[in-house]
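Right, one structure below, let's go through it.
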Amino acid sequence: MEREHNLVPEDVLWKRFLYRIIYRSDTKLGKLFDVILLSLILISTLIIMMESVPAYDKKLHIFFIVFEWIISMFFTAEYIMRIAVVKNKRNYIFSFFGIIDFLALVPFYLSLFFPITKYFLIFRMLRMLRIFRIFNLMDFMNDGYLIVRALKNSSRKIYIFLLFLIIFSVIVGSLMFMVEGGRPGFETIPQAIYWAVVTVTTVGYGDVSPITPTGKFFAMILMLAGYSIIAVPTGIVTAEMRNKRQNLEKVCDRCGNEDIDDDARYCKQCGKKLA
């Protein structure tokens, strides 16, 4: 995941000046730009929410449209400037924040042809993640990267667990279809599988419930099993996060390398023996 503060500005003077304002927040202009950006994101989100309320949309429809055009034009110009002032343009475009910035614009232009897509502008709220950089809270952002890395490294275990859960739900749903004998909510195997998924995840909508004693017994077992099933992915990710945190705490005294394996005895970069 490419971070914004790793991007390199162009060597042209005016581009470096704009880069300092757009990507940094250590100057008055940079701080002002960021505050305006966050304010417009909040205003845009509020407008989208209010447009979904018929009473407000009927009275203020023109006002909403005009403000949405102004805000979207600002975001479009900002996105173009972000690309123009960096040397490694590809890195920004395909970075985490670059993709979010692009997704924040696409719904507006799609709404010109498909009006319903304007509500996807709510994705602009993701741009609020820049608040960690703006207010010098990068330690919080680093914790976020730690969570993302832990999820990525434990993805294979989670995929296997989800596969087991799918198989389990299909089997239980099929059994409930046979036990309930086509009663309401269990007329087909897919409907019974829907009930099994809702029950095993402890969501429990209550729209479907077994009637027979055997079905209620299966439901009781499934509900009790649901609590232990939920704990499995939580334990997998927590263990991975603990390992990552321990790895980050290991630092080579000579070169400062932090990428150190659990069983490493020597630094992989400089060869110094680790304590």
Side-chain angles (χ1 to χ4, degrees), residues 1-45 47-48 66-113 117-118 120-149 151-152 248 251-252 255-259 268-270:
M1 186 181 295
E2 185 72 27
R3 306 189 191 187
E4 282 191 324
H5 58 260
N6 290 338
L7 297 173
V8 180
E10 289 276 14
D11 294 331
V12 182
L13 182 60
W14 68 269
K15 290 185 177 181
R16 288 204 304 268
F17 175 76
L18 286 179
Y19 174 88
R20 190 75 179 272
I21 295 176
I22 296 174
Y23 284 96
R24 303 292 182 181
S25 56
D26 54 354
T27 62
K28 290 184 179 180
L29 284 176
K31 183 75 73 175
L32 177 62
F33 176 84
D34 290 332
V35 171
I36 292 174
L37 180 64
L38 294 180
S39 300
L40 290 178
I41 292 170
L42 291 175
I43 293 172
S44 176
T45 303
I47 289 175
I48 293 300
V66 171
F67 259 77
E68 193 55 55
W69 268 90
I70 293 173
I71 293 173
S72 296
M73 290 301 101
F74 176 86
F75 286 153
T76 302
E78 179 228 355
Y79 181 71
I80 294 172
M81 286 192 296
R82 284 184 180 275
I83 296 175
V85 301
V86 293
K87 184 178 296 184
N88 41 350
K89 294 176 173 52
R90 183 183 178 85
N91 286 1
Y92 163 71
I93 293 173
F94 294 101
S95 67
F96 175 73
F97 284 110
I99 293 173
I100 287 179
D101 293 342
F102 179 74
L103 292 177
L105 286 174
V106 170
F108 171 75
Y109 292 103
L110 284 177
S111 67
L112 300 178
F113 306 97
T117 59
K118 67 181 179 181
F120 285 115
L121 288 172
I122 204 71
F123 285 122
R124 285 177 178 172
M125 280 297 293
L126 290 172
R127 302 194 68 189
M128 292 293 293
L129 291 173
R130 283 193 173 91
I131 196 171
F132 295 107
R133 173 183 59 81
I134 295 168
F135 295 104
N136 298 321
L137 301 174
M138 286 308 297
D139 288 340
F140 292 90
M141 202 63 181
N142 290 333
D143 290 339
Y145 288 122
L146 179 65
I147 295 174
V148 172
R149 286 196 297 268
L151 288 171
K152 183 178 179 181
L248 290 175
V251 181
C252 176
C255 66
N257 176 35
E258 297 180 352
D259 184 17
K268 64 177 67 175
Q269 286 191 5
C270 67

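Every value quoted in this text rests on a predicted model; they were computed, and no experiment measured them.
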Above 12 or not: heavy atoms from other molecules or residues under 6.0 Å from CZ of Arg16? yes

If only atom types and distance count, is the side chain of Tyr92 paired as donor or acceptor with the main-chain N or O of Phe97 below 3.5 Å? no

Just so I know, are the side chains of Thr45 and Met125 near enough to count as touching, which here means a heavy-atom distance under 4.5 Å? yes

Contact summary for Ile99 and Phe94, nearest pair of heavy atoms: CD1-O, 3.8 Å

Can you find a pair of side-chain heavy atoms, one from Phe96 and one from Ile100, that are under 4.5 Å apart? yes

Name the orientation class of the two ring planes belonging to Tyr79 and Phe102 (parallel below 30°, tilted from 30 to 60°, perpendicular beyond 60°). tilted

Assess whether a salt bridge exists between Glu68 and Arg124, defined as any Lys/Arg side-chain N lying under 4.0 Å from an Asp/Glu carboxylate O. yes

Least distance between heavy atoms, Lys118 atom then Ser111 atom: CB-CB, 3.7 Å

Looking only at heavy atoms, which two atoms of Gly98 and Ser95 are closest? And how far apart? N-OG, 3.1 Å

Find out whether Glu78 and Met73 are in side-chain contact, i.e. whether some heavy atom of one side chain is under 4.5 Å from a heavy atom of the other. no

In terms of heavy-atom contacts, Asp34 and Arg24 come closest through OD2-O, 3.6 Å

Does atom CZ (Phe74) have a neighbourhood of more than 12 heavy atoms from anything else shown, all under 6.0 Å? yes

Starting from the C-alpha separation in whole Å, work towards a yes-or-no answer on side chain to side chain donor-acceptor pair (under 3.5 Å) for Tyr109 and Thr76. CA-CA 10 Å; Tyr109 292 103; Thr76 302; 2.7 Å; yes

Under a 3.5 Å cutoff, is there a donor and acceptor pairing between the side chains of Ser44 and Arg127? no

